[in-house]
Amino acid sequence: MNRFEFPAFLKLQNLRPWWLKMAVLILIGYPLISNRPAGIIAVGLEKLVPETPGSVLALPIITFFIWACCLPSLGTAKLLDYLAAAYTMAITTVVSGAVLRGLLPALFPADSADNFRLLRVYFNILAVFPYSLTFLNSFAVSNLMTRLTKTRGRFRDAGLHLALALRICQHVGEVIPKLLLVWREENPDMLLPRCRDDWHSISSLLRWPVWIIRSISQWIFACIILTFEPIPVMVNEIEQIDESRDSDAPDKI
Amino acid sequence: MPRIKSKFAETAVIAALTALTAVTTMLVRVPIPATNGYFNIGDVFIILAGLWLGPRAGFIVGAFGSAIADAIGFPVYIPATFIVKGCEGWLTGIIAGNSGPVSLTRPVVAAVTGGLSMVAGYYLFEAFIYPLLGRQIPMFNITDPAAAFIALLPNAIQGLSGIVGGLALWKAMTAGSQNHEISDEQPFSGKHG
């Protein structure tokens, strides 16, 4: 993979102090939690080019803006990895939503704004997925833990638990895209199993659904195991840091 | 390029991608009143097919998947869609050639060219070909150059969304697969052979 390095000042994780980084990240994510920026873009577009469906186009424009902000911090390869997961999730959600709406009209009554809503869900997923992972990975948990262990007070334990939760979320973001490579070892052709001597005939059409369900369940298992596996190690690390802080404290000597 | 060597599997994947293109184009369509067309999210699979399976598959997925979707609700656009979306997949596949996931430059150029061809193609049809056809066949008299200009931005945004999605899914599909090609001629035997 070609490695194009973005300048360091564009990477959000290099922003200091931490509150400025937090403020910039919240500002980037603001269009995702408020309708105001989308409304302003829509009005602007409709003024610029009359008859343009501004409200529809504002959603992808906001998504592209968030991708552009995440790109220097994540790099092209990592952003594409995250987007692959985001696109899979978004397409699955939107298609299943539209199908359910057709199958169960009593539960999901259709109206003219339905397609717009589905499109909004689609672009929201595409924007939120890489943004949230960029947000989580922008903060160094080790620094946070070191600071927290040096402090005293009632918020110390809560802060340590929060740091642990943040580290686990970072770990999940790092591990899950890489799990695809592990999964491919068993299923190298993505849609076909590795051991398939007898998959030439029409019977393969009958076996394929069984195989696809098995391979998806393997994927979920791998995700669960590799996500939860490091938690005890991380808890142990925090305990050790905590203990060493206690033993170094002047009142203990 | 880490493509599927088994003819049976390739045919199945092309069929699946064609169906996915048709479904995603059909299920989420937001009308653009100026051109009587619509905004959709089906380009992801056209770019993916071109990058992953080559120009022939790209053409089949683009032309047939999108034309099937147009047949339900927007039949007047079938000729334009068949040619434009077919060319989008074909061009992507032609330019991507045998590039694997080692380098992103060529696939990016291929996907961007495919997306641009879609925008240019629809503009050509909506601004010139359909108004010209409309003089003989009233059914095609639905657009004009001004309306085609309005549709440029939605088409460009739709194309960009498809380019990024196609590239991301292609990278995920082909990552680490150079050593795992399987053909009908030399099937693997045994677990983790």
Side-chain angles (χ1 to χ4, degrees), chain A residues 1-2 4 45 48-53 55-57 59-61 63-64 67 76-77 79-88 90-91 94-95 97-99 101-102 115-116 118-119 122-123 126 177 180-181 184-200 204-205 208, chain B residues 4-6 8-9 12-13 16 20 23-24 26-34 38-41 44-45 101-105 108 146-147 149-154 157-158 160-161 164-177 179-182 184 187-193:
Chain A
M1 186 67 57
N2 293 351
F4 170 77
L45 278 174
L48 197 71
V49 189
E51 289 191 76
T52 298
S55 53
V56 176
L57 301 184
L59 305 171
I61 287 171
T63 305
F64 298 154
W67 289 350
T76 317
L79 180 66
L80 283 178
D81 283 345
Y82 289 165
L83 283 177
Y87 266 95
T88 309
I91 290 169
V94 163
V95 170
V99 169
R101 197 182 61 194
N115 280 337
F116 176 70
L118 283 175
L119 205 67
Y122 178 77
F123 281 109
L126 292 185
L180 199 65
L181 291 175
R184 288 195 66 105
E185 180 58 31
E186 178 67 18
N187 310 292
D189 237 349
M190 211 70 173
L191 296 170
L192 286 176
R194 191 176 191 126
C195 177
R196 56 175 198 89
D197 282 17
D198 48 353
W199 273 56
H200 298 289
S204 59
L205 288 175
W208 191 79
Chain B
I4 298 167
K5 281 190 176 177
S6 157
F8 177 80
V13 173
L20 275 169
V23 166
T24 48
M26 237 184 318
L27 290 181
V28 186
R29 43 167 66 148
V30 178
I32 300 169
Y38 59 93
F39 183 91
N40 66 78
I41 56 172
V44 173
F45 296 107
V102 178
S103 166
L104 265 184
T105 315
V108 167
F149 179 75
I150 291 169
L152 272 178
L153 186 61
I157 288 174
Q158 182 184 311
L160 184 56
S161 166
V164 177
L167 272 169
L169 291 178
W170 166 79
K171 188 173 169 288
M173 290 291 211
T174 54
S177 63
N179 302 322
H180 289 304
E181 286 186 339
I182 299 173
D184 277 340
F188 279 78
S189 60
K191 204 91 172 143
H192 290 277

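In what follows, chains are A, B, ... by sequence order, proteins preceding strands, each numbered from 1.
Summarising the geometry of B/Ala168 relative to A/Ala84, their closest heavy-atom pair is O-CB, 3.4 Å, with the distance given to 0.1 Å. Considering all non-hydrogen atoms of both residues, A/Phe64 and B/Ser161 come closest at CZ-N, 3.9 Å.
Going from atom CG of B/Leu27 over to atom CG of A/Leu118 covers 8.5 Å, rounded to the nearest 0.5 Å. Note: A/Ile91 CD1 to B/Leu169 CG = 6.0 Å, rounded to the nearest 0.5 Å. To the nearest 0.5 Å, atom NZ of residue B/Lys171 and atom CG of residue A/Asp81 are 3.5 Å apart. Distance CZ/A/Phe123 to CD1/B/Ile157: 8.0 Å, rounded to 0.5 Å.
Proximity to chain B (any heavy atom under 4.5 Å) is restricted, for A/Leu45, to the side chain, taken from C-beta onward. Using a 4.5 Å cut-off between heavy atoms, B/Phe45 touches chain A through its side chain atoms alone. Heavy atoms of A/Val95 lying under 4.5 Å from chain B belong to its backbone as well as its side chain.
Two residues are said to be in side-chain contact when any heavy atoms from C-beta on lie closer than 4.5 Å; A/Tyr122 and B/Val28 fail this criterion.
Within 6.0 Å of CZ on B/Phe149 lie no more than 12 heavy atoms contributed by other residues, nucleotides or ligands.
Highest contact tally toward chain A, considering only B/Val23, B/Ile32, B/Val164, is held by B/Val164 [criterion: heavy-atom pairs under 4.5 Å]. Note on B/Thr24, B/Val44, B/Leu167, B/Ile41: by heavy-atom pairs under 4.5 Å with chain A, the leading option is B/Ile41. By number of non-hydrogen pairs under 4.5 angstrom with chain B, the leading residue of A/Thr63, A/Leu80, A/Ile61 is A/Leu80.
Formation of a donor-acceptor pair under 3.5 Å by the A/Asn115 side chain with backbone atoms of B/Val30 is not found in this model.
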